[in-house]
Amino acid sequence: MKKTLLTMIALGSALALPTASSADMNYNNFDSVLGIVLNGIASQYEDKLRLTNGQFQSSSVWYDIPQAVDKGFTTTFQFQASGSGDGLAFVLQNESLSALGGEGAGLGYSGISNSLAIEFDFYPNLFGEQIWTADYPNEISLQTRGILPNHPASNYSLEHTVARQKINSGDINTVKIDYIPGSLQVFMNEMDYPMLMASVDLLTILDLPQKEAIVGFTGGTGESSSTQDILNWSFNSVPEPAFTSLLAAIPLVLRRRR
Ligand SMILES: [Ca+2]
Ligand SMILES: [Ca+2]
């Protein structure tokens, strides 16, 4: 009897334990970096994650629990960048929690295998990157070489665009990335209008045997220096569009009751 009860309690506790796939994450700020792995020059600065603050640097920060991506996800974050180069990226990868890429044009992700980088690039390099203009010297690009080490060259871009606002103005930029299998959208500052849309199936492009990916940010500088900070971050394995359609249905019901 006792044994059965103990077994039931043990089973109950085991069932109550959160699984990695249900571990949605939300950092309102980074006054604590518990759960964040910092690599390279990355550091906690005040209540921010500081990716770079000088020349010839690279950094990566990873959430230490891989996140389920098979059914989709929504991630939101705010960042601030000032200075002239090079940029930062939101990265999904299955290399390791110590993965760290190259500085400068590499934006801290170049060289990380089995990765997809969504880069916010404000330094034009000689890789045939998106057309840069004086008004919009910013590129948002999805870079991947599948399971091979990633690289910022434009022939490894799935999709790219010129950002409508200056990425490195020093102002706070708000980003939302929505993914449902087959489709990825990137929003920056204008949340009702995606800046970039791409056909992407993460489980096809990358080798993710657990259907989970390590998620985080990378940053890089070269001869041009910049300060790049992540201010807050949330990641939800349930894509937001499901919630959006549910919320959109509520006013309809209310309207019908009138
Ligand atoms: Ca680029
Ligand atoms: Ca660049």
Side-chain angles (χ1 to χ4, degrees), residues 40-42 50-61 75 77 79-93 99-146 148-171 173 175 177 179 184-189 194-200 202 205-206 215-230:
I41 203 77
R50 177 146 285 183
L51 296 176
T52 64
N53 186 32
Q55 291 177 293
F56 301 107
Q57 295 178 338
S58 78
S59 63
S60 67
V61 296
T75 188
F77 57 92
F79 73 90
Q80 262 179 310
S82 56
S84 50
D86 274 75
L88 69 157
F90 175 76
V91 179
L92 301 116
Q93 52 99 358
L100 174 65
E103 62 187 31
L107 301 188
Y109 75 78
S110 180
I112 299 178
S113 60
N114 206 9
S115 70
L116 173 79
I118 297 156
E119 60 166 39
F120 300 84
D121 182 352
F122 46 88
Y123 190 87
N125 300 99
L126 301 175
F127 303 132
E129 288 178 322
Q130 178 69 327
I131 303 153
W132 301 76
T133 70
D135 290 340
Y136 299 99
N138 303 274
E139 181 190 54
I140 298 176
S141 178
L142 265 59
Q143 300 285 141
T144 186
R145 293 181 69 213
L148 298 174
N150 212 334
H151 191 277
S154 63
N155 46 328
Y156 305 125
S157 173
L158 291 180
E159 203 70 61
H160 60 183
T161 188
V162 174
R164 289 189 288 273
Q165 292 119 3
K166 205 175 174 199
I167 294 171
N168 56 329
S169 62
D171 293 338
N173 290 305
V175 175
I177 300 167
Y179 169 75
L184 190 143
Q185 296 187 329
V186 182
F187 300 79
M188 193 176 87
N189 299 330
M195 207 159 277
L196 184 147
M197 297 170 74
S199 296
V200 175
L202 286 171
I205 294 173
L206 305 179
V215 293
F217 302 91
T218 67
T221 64
E223 199 169 354
S224 297
S225 169
S226 67
T227 301
Q228 305 184 82
D229 294 328
I230 306 294

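Ligands are counted one by one from 1 in listed order, and the atoms in each one are counted from 1 as well.
- Nearest N/O/S atom of E119 relative to the Ca ion (ligand 1): this is OE2.
- Between the side chains of S115 and N150, at least one donor N or O sits under 3.5 Å from an acceptor N or O.
- How far CG of D171 is from CZ of F79: 10.5 Å, rounded to the nearest 0.5 Å.
- Counting just the N/O/S atoms of D121, the one with the shortest distance to the Ca ion (ligand 1) is named OD2.
- For R50, the side-chain hydrogen bond (donor to acceptor under 3.5 Å, both in side chains) partners at least two apart in sequence or on another chain are D229.
- Seen from the Ca ion (ligand 2), atom O of Y123 and atom OD1 of N125 lie 80° apart in angle, a value rounded to 10°.
- Among residues two or more places apart in sequence or in another chain, the ring pair (Phe, Tyr, Trp, His ring centres under 6.0 Å) test is passed with Y156 by H151.
- The distance from the Ca ion (ligand 2) to the nearest N/O/S atom of E139 is not under 3.0 Å.
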